[in-house]
Amino acid sequence: MAISDDVLVIGGGIAGATAALAAAEEGADVRLVTHKQSTLRNASGLIDVLGYTHEGEGPIVDPFERLEELPESHPYRRVGTEAVREALSFFDEIAGDAYAGGHTDANALVPTHGGTAKPTARYPVSTADGLASDPRDTLLVGFETLTDFDAPLAASHLEAAGPPFSARGVTLQFPGIVRDDAKLTRYAHLLDHEEPVRTNAGELSAREALAAIVEPHLEGESRVGFPALLGDEFADEVRADLADSLGADVFEVPMGPPSLPGMRLEDLLYEALENAGVRVTSGVPVVGYETDESGTIDHVLVDRHGQEIPHEASQYVLATGGLVGKGVRSERERVFEPIFDCYVPHADDRYDWFVDDVFGEQPYAQFGVVSDRELRPLDVDEEPEFANLRAAGAVLGGYDYAAEKSGAGVSLATGYVAGGQAGTEASE
């Protein structure tokens, strides 16, 4: 007997979670199936809409003014500007007070661990006091055991960009951490639970100890930036306590993978899925499918401990990611989507998949399925592959999310549209 739902979403990242939530809002019974941990754990936690044009111009002040300039094949053009706005509003309702930026159409400039300022539409409240448009002088604090964040170098890069403030960086020893292979979650746990640590001044709680080593390095700065590790369960409380102790506002600088803000975003989305009644089946890959007489998808096959279990639905959403997430695969002779074998346009000669200039516009960066305006994947003849399949997120082609700084925005917008349409059709 097949496990049956109205809508089956395949993929557990931003696109998949958004699609499942949008379908559930339409009254559909929804299941989300995901194979591995989502790439959210490696993401910055920032919600970018469009930071740069596809031609590299930017940073863009108002992303919505530039969406209509994108190529017709771009996923934003597929769904339309209004859908992008609606998807962001949908996210704002889910995120509540955990994210900022919903008050304006303008991008915020969020400093990153490399010392650049990233244009983004929504950002965790933990980063809000660090915006590069804020004129307050800034102290960045790095740690000897966390080599991914060189605070003095990041500060010098920020200064070179000409912000309306001065920035300095210091590197200190994090109290209670002596190993350079400690996970970010270990730093966060120390601060969350106020674990006691030994210092030159005796035994102090982790937050007190951290404030004590930072305070002597303040030279009048009114805000202090730390790598994004200031707690997990009680992150707001950790920042507030540090700010009180230092007499300065405290913010987090988004880091590379693994990313605590990305994990927090994952937790936020999956809590919303649970509250919406979406059933989540994780740790199982979709390994095949079967169609009915009309050519629509009848069910997919999920590998559970070596046994293929059929899962059927009236509507399906494919949100398995791009080349990085392995939702799009490449072999020597072809590029393809591995579950439904949807068509992925690419040059016949694999040497045309890339250009020699490492900073050039790489064709492989735009590999993905082609869709119609309802986000149904199209075959080589531009006909829908399946009437009851839609695609969302990085599995879609026609855009370079890394160059445009548009990844999370595309995932939100296409997930919202694909899930909403699937939910509507399944509920009719």
Side-chain angles (χ1 to χ4, degrees), residues 37-46 98 110-115 123-130 138-155 168-218 221 223-246 248-268:
Q37 290 181 333
S38 76
T39 53
L40 280 168
R41 291 175 170 266
N42 297 321
S44 66
L46 303 175
V110 177
T112 69
H113 68 291
Y123 46 94
V125 292
S126 65
T127 67
D129 279 313
T138 302
L139 175 67
L140 297 182
V141 178
F143 301 108
E144 293 175 4
T145 50
L146 198 67
T147 56
D148 287 348
F149 182 47
D150 185 327
L153 183 61
R168 292 188 306 113
V170 295
T171 302
L172 307 174
Q173 179 65 47
F174 193 97
I177 300 287
V178 295
R179 297 178 51 169
D180 59 9
D181 62 348
K183 295 181 178 180
L184 285 177
T185 50
R186 175 57 184 152
Y187 292 83
H189 191 273
L190 271 172
L191 296 168
D192 267 340
H193 299 282
E194 283 280 58
E195 292 189 12
V197 296
R198 291 188 178 279
T199 72
N200 292 335
E203 190 172 86
L204 299 173
S205 72
R207 298 177 202 175
E208 290 174 329
L210 181 54
I213 66 165
V214 172
E215 196 276 334
H217 296 275
L218 280 168
E221 292 91 354
R223 56 179 177 167
V224 182
F226 294 86
L229 48 72
L230 300 181
D232 187 10
E233 296 177 65
F234 308 108
D236 291 344
E237 183 181 307
V238 171
R239 289 197 318 278
D241 282 355
L242 289 173
D244 286 343
S245 297
L246 294 172
D249 287 328
V250 168
F251 66 91
E252 289 186 318
V253 178
M255 300 288 290
S259 165
L260 205 55
M263 296 178 195
R264 294 175 192 146
L265 176 57
E266 182 181 57
D267 289 343
L268 184 154

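By convention here, the first residue in the shown sequence is residue 1. Small disclaimer: the values here were computed from a predicted structure and weren't measured.
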Looking at residues at least two apart in the chain, or sitting in another chain, which of them share a ring pair (Phe, Tyr, Trp, His ring centres under 6.0 Å) with His193? His189
Check Asp150 against Pro152 and note the closest heavy-atom contact, atom names and distance. OD1-CD, 3.2 Å
How far apart are the closest heavy atoms of Gly176 and Val197, and which atoms are they? CA-CG1, 3.7 Å
To check you understand the geometry: which heavy-atom pair defines the closest contact between Ala188 and Leu260, and what is its length? CB-CD2, 3.7 Å
Salt bridge (charged side-chain N to carboxylate O under 4.0 Å, His left out) contacts touching residues 252-262 (sequence neighbours left out): Glu252-Arg264
Take Arg207 and Asp241, measure what salt bridge (Lys or Arg N to Asp or Glu O under 4.0 Å) needs, and give me the verdict at the end. CA-CA 7 Å; Arg207 298 177 202 175; Asp241 282 355; 2.6 Å; yes
Non-hydrogen atoms of Asn42 and Pro257 that approach each other most closely: OD1-CB, 3.4 Å
Any chance the rings of Phe143 and Phe149 have centres within less than 6.0 Å? no
Nearest 0.5 Å please: distance from the CZ atom of Phe234 over to the CZ atom of Arg239. 14.0 Å
The single option from Leu230, Asp249, Val224 that satisfies side-chain contact (heavy atoms from CB on, under 4.5 Å) with Leu242 is Leu230
Between CD on residue Glu194 and CD on residue Glu208, distance to nearest 0.5 Å: 6.5 Å
Roughly how far, to the nearest 0.5 Å, is the CG atom of Leu218 from the CG atom of Leu246? 6.0 Å
What verdict does the side chain to side chain contact (heavy atoms under 4.5 Å, CB included) test give for Leu229 and Thr185, after you've listed the backbone C-alpha separation in whole Å, the side-chain angles of each residue and the deciding distance to 0.1 Å? CA-CA 7 Å; Leu229 48 72; Thr185 50; over 6 Å; no
If you look at every heavy atom in Ala43 and Ser259, which pair is closest and at what distance? O-OG, 2.5 Å
Please report the interatomic distance CG(Asp267) to CG(Asp232), rounded to the nearest 0.5 Å. 6.0 Å
Residues that Phe251 engages under ring pair (Phe, Tyr, Trp, His ring centres under 6.0 Å), provided they are two or more places apart: none
Show your reasoning for whether side chain to side chain contact (heavy atoms under 4.5 Å, CB included) applies to Thr147 and Asp180. CA-CA 8 Å; Thr147 56; Asp180 59 9; 5.6 Å; no
Might you point out which heavy atoms bring Ile213 and Pro175 nearest each other, and give the distance in Å? CD1-CD, 3.7 Å
Spacing of CZ belonging to Arg223 relative to OG1 belonging to Thr138, to within rounding of 0.5 Å: 3.0 Å
Between CG on residue Leu184 and CG on residue Asp148, distance to nearest 0.5 Å: 8.0 Å
When you look at Arg198 and Leu204, which way does the side chain to side chain contact (heavy atoms under 4.5 Å, CB included) test go after all the steps? CA-CA 6 Å; Arg198 291 188 178 279; Leu204 299 173; over 6 Å; no
